[in-house]
Amino acid sequence: MRDYDSRDNVMMFGGMPVTKIADEFGTPVYVTDEKRLRENYRKVYGAFAKHMDTKVHYACKANSNLAILKILESEGSGIDAVSIGEVMTCMKAGFTPDRIMYTGVNVSNEELKAVTDLGVMINIDSVSELERLAKIRRSLPVSFRITTGVGSGHSDKVVTGAKGVKFGIPLRDAIGTYLRAKELGFDPKGIHVHIGSGGQSVEPFMEATEILIQLTNQLKDRGTDLEFIDIGGGIGVPYRPNEPEMDVDELGRNITEIILEETDVRKIILEPGRYIVCDTTVLLTRCVDVKDADGKKYVGVDAGFNTLVRPAMYGSYHHVAIGNKFGKACTAKYDVAGPICETGDHLARDRVLPNPEEGDIVVVYDAGAYGFSMSSNYNSRPLCREVLVNEGKAELIRDSERIEEQWRHQRIPERLIR
Ligand SMILES: *Cc1c(COP(=O)(O)O)cnc(C)c1O
């Protein structure tokens, strides 16, 4: 969690008072700091690139706004895409197909065809996918996602590398699958693992990489030389005050060291999503209602789990502050709850806050990853705005939807209209 400056008890974000941003663009609104975005990319890239040839494939499902993608494109990033929609969105933002890798799960033939038609490399998730791809197109460079049995994550819902999960090729089938791919005429270039999302320790990354190293060397003995090892994403970030941060320099040093020592592979790919965007963005939401419910105090705000689903879906902690009473003495414990008609619609629970009142701006921290990208129209609420700030200037990077747009694709059969 970052610390922020304030002026006259107003929190500053990207060189601007949060109250000014909220007044100008309305609430709820996601606000992203361009400078921080560039810094995060450079930090994680540098941690690996100083040791070996490195490609960072930003996992764009964390935040796929075109302006944010464009900034990362200009930094030299590549892309980890998990759907044809993400592939096309990234190409719209200026990424050429050779900078994108597609890692789907339970991928349809239509999607396999569409992705390979665009010339994007496929990271194959199953033997079924391999056999189906062979009927669509062969002699492609490919990579395989291996389920090493090493999992990690901030919630059970996002541990993707453990034994028995729906993702990837089980370890015991790995070598056989590569041999089958060669038999079918494919050109295996790499090996991939994604352990999960938001884990905070270096250990699982090391364990999973060790397994990929063993497989890489076994493949070499059988005449297949791989060009890259892809360690996936999942680098966690601290959401709570005083929570330690994972040392990406240590991660980069340790991972590249074992690859360089134990294999002939000289290129590493990593796919951080959360790490790059999480702390670049805050969600600004306005207090519209205050309530004392038989002793339980509520701050009612205009963003619910339609806008930020993580607390309701994973029980995630997001730090909150009152942007216009920054640093003021806290008065009591409150729950911050939204306008969605479900009891679970909380953004934060049991937080000490400085006398919240109607009109205050509640700042939800660390909302850049899986924030806007997981938002929905539930309760027929329109998707909110997104704003980019850079050194004291703010620009709209997504307008809010109009209510009418929610009806665009719906039809009432003629016979029901009288
Ligand atoms: C989601 C995902 C990532 C990124 O995970 P983070 O926790 O956001 O870093 C990377 N690779 C794959 C294949 C993914 O599905």
Side-chain angles (χ1 to χ4, degrees), residues 37 40-41 43-45 47-48 55-64 68-69 72 77-87 90 100-107 111 115 120-126 129 142-148 150-162 165-169 190-202 204-205 208-209 212 228-239 245-246 248 251-252 255 268-281 309-310 313-314 316 366-374:
L37 179 62
N40 286 352
Y41 174 82
K43 190 164 170 205
V44 70
Y45 173 75
F48 288 78
K55 279 274 174 286
V56 170
H57 284 181
Y58 165 61
C60 70
K61 70 178 183 290
N63 189 329
S64 53
I68 286 165
L69 293 173
L72 293 171
S77 183
I79 289 291
D80 162 56
V82 298
S83 73
I84 179 69
E86 287 188 354
V87 169
C90 291
I100 304 172
M101 185 146 86
Y102 173 91
T103 300
V105 62
N106 298 328
V107 186
E111 188 141 321
V115 171
V120 168
M121 193 196 287
I122 301 227
N123 188 29
I124 297 174
D125 185 82
S126 71
E129 187 180 328
V142 290
S143 167
F144 290 90
R145 176 177 189 159
I146 308 300
T147 307
T148 57
V150 181
S152 170
H154 66 79
S155 149
D156 287 348
K157 291 191 176 82
V158 298
V159 172
T160 55
V165 297
K166 72 166 180 171
F167 296 100
I169 292 161
I191 189 162
H192 169 276
V193 67
H194 176 57
I195 57 178
S197 188
Q200 289 278 40
S201 84
V202 172
F205 286 95
T209 306
L212 294 194
F228 65 83
I229 290 181
D230 184 335
I231 63 161
I235 304 173
V237 298
Y239 283 91
E245 193 174 325
M246 179 147 66
V248 288
L251 182 71
I255 297 272
I268 185 166
I269 299 176
L270 55 148
E271 305 169 338
R274 186 187 312 276
Y275 182 87
I276 291 178
V277 288
C278 187
D279 71 0
T280 65
T281 302
V309 76
R310 298 190 69 257
M313 182 150 169
Y314 308 119
S316 305
D366 300 313
Y370 309 101
F372 186 94
S373 66
M374 289 180 83

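Everything numeric here is computed off the predicted structure, so don't read it as measured data. Atoms within a ligand are numbered from 1 in the order they appear, just like the ligands themselves. Excluded from the calculations below are hydrogen atoms, water molecules and symmetry mates; all remaining heavy atoms, backbone and side chain alike, are included.
When only non-hydrogen protein atoms are considered, atom 12 (C) of ligand 1 lies nearest to Asp80 OD2, 3.2 Å.
Distance check: Asp279 CG to Arg274 CZ gives 12.0 Å after rounding to the nearest 0.5 Å. Residue Glu271 holds its CD atom at 7.0 Å from CG of Asn123, rounded to the nearest 0.5 Å. Taken from CD1 in Ile269 to CD1 in Ile191, the straight-line distance is 12.5 Å, to the nearest 0.5 Å.
Of all atoms in ligand 1, numbered sequentially from 1 with element shown, those under 4.0 Å from a heavy atom of Tyr370 are 1 (C), 4 (C), 5 (O), 6 (P), 8 (O). Residue contact check: Lys61 has heavy atoms under 4.0 Å from atoms 1 (C), 2 (C), 3 (C), 4 (C), 14 (C), 15 (O) of ligand 1. Of all atoms in ligand 1, listed by their number and element, those nearer than 4.0 Å to a heavy atom of Ser197 are 6 (P), 7 (O), 8 (O). Remark: ligand 1 atoms within the under-4.0 Å shell around heavy atoms of Ala59 are 3 (C), 4 (C), 10 (C). Interface atoms of ligand 1 facing Pro272, defined by a heavy-atom separation under 4.0 Å, are 9 (O). The distance from ligand 1 to the heavy atoms of Glu271 drops below 4.0 Å at these ligand atoms: 3 (C), 4 (C), 9 (O), 10 (C), 11 (N), 12 (C), 13 (C). Close approach to Arg274 involves these atoms of ligand 1, each under 4.0 Å from a residue heavy atom: 6 (P), 8 (O), 9 (O). Every atom of ligand 1 with a heavy atom of Gly273 under 4.0 Å away is listed here by number and element: 4 (C), 6 (P), 8 (O), 9 (O).
Of the listed options Gly153, Gly234, Cys278, Gly234 places a heavy atom closest to atom 6 (P) of ligand 1.
Taking the side chain as every heavy atom from C-beta outward, Tyr314 and His154 approach each other to under 4.5 Å. Here the side chains of Asp230 and Asp80 are not in contact, with every heavy-atom distance at 4.5 Å or above.
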**Message:** Would Lys43 and Glu245 count as a salt bridge (Lys or Arg N to Asp or Glu O under 4.0 Å) here? Give the steps.
**Reply:** CA-CA 13 Å; Lys43 190 164 170 205; Glu245 193 174 325; 3.4 Å; yes
**Request:** Before giving the answer on side chain to side chain contact (heavy atoms under 4.5 Å, CB included), spell out for Val277 and Tyr370 the whole-Å C-alpha distance, their side-chain angles and the decisive distance to 0.1 Å.
**Result:** CA-CA 9 Å; Val277 288; Tyr370 309 101; over 6 Å; no
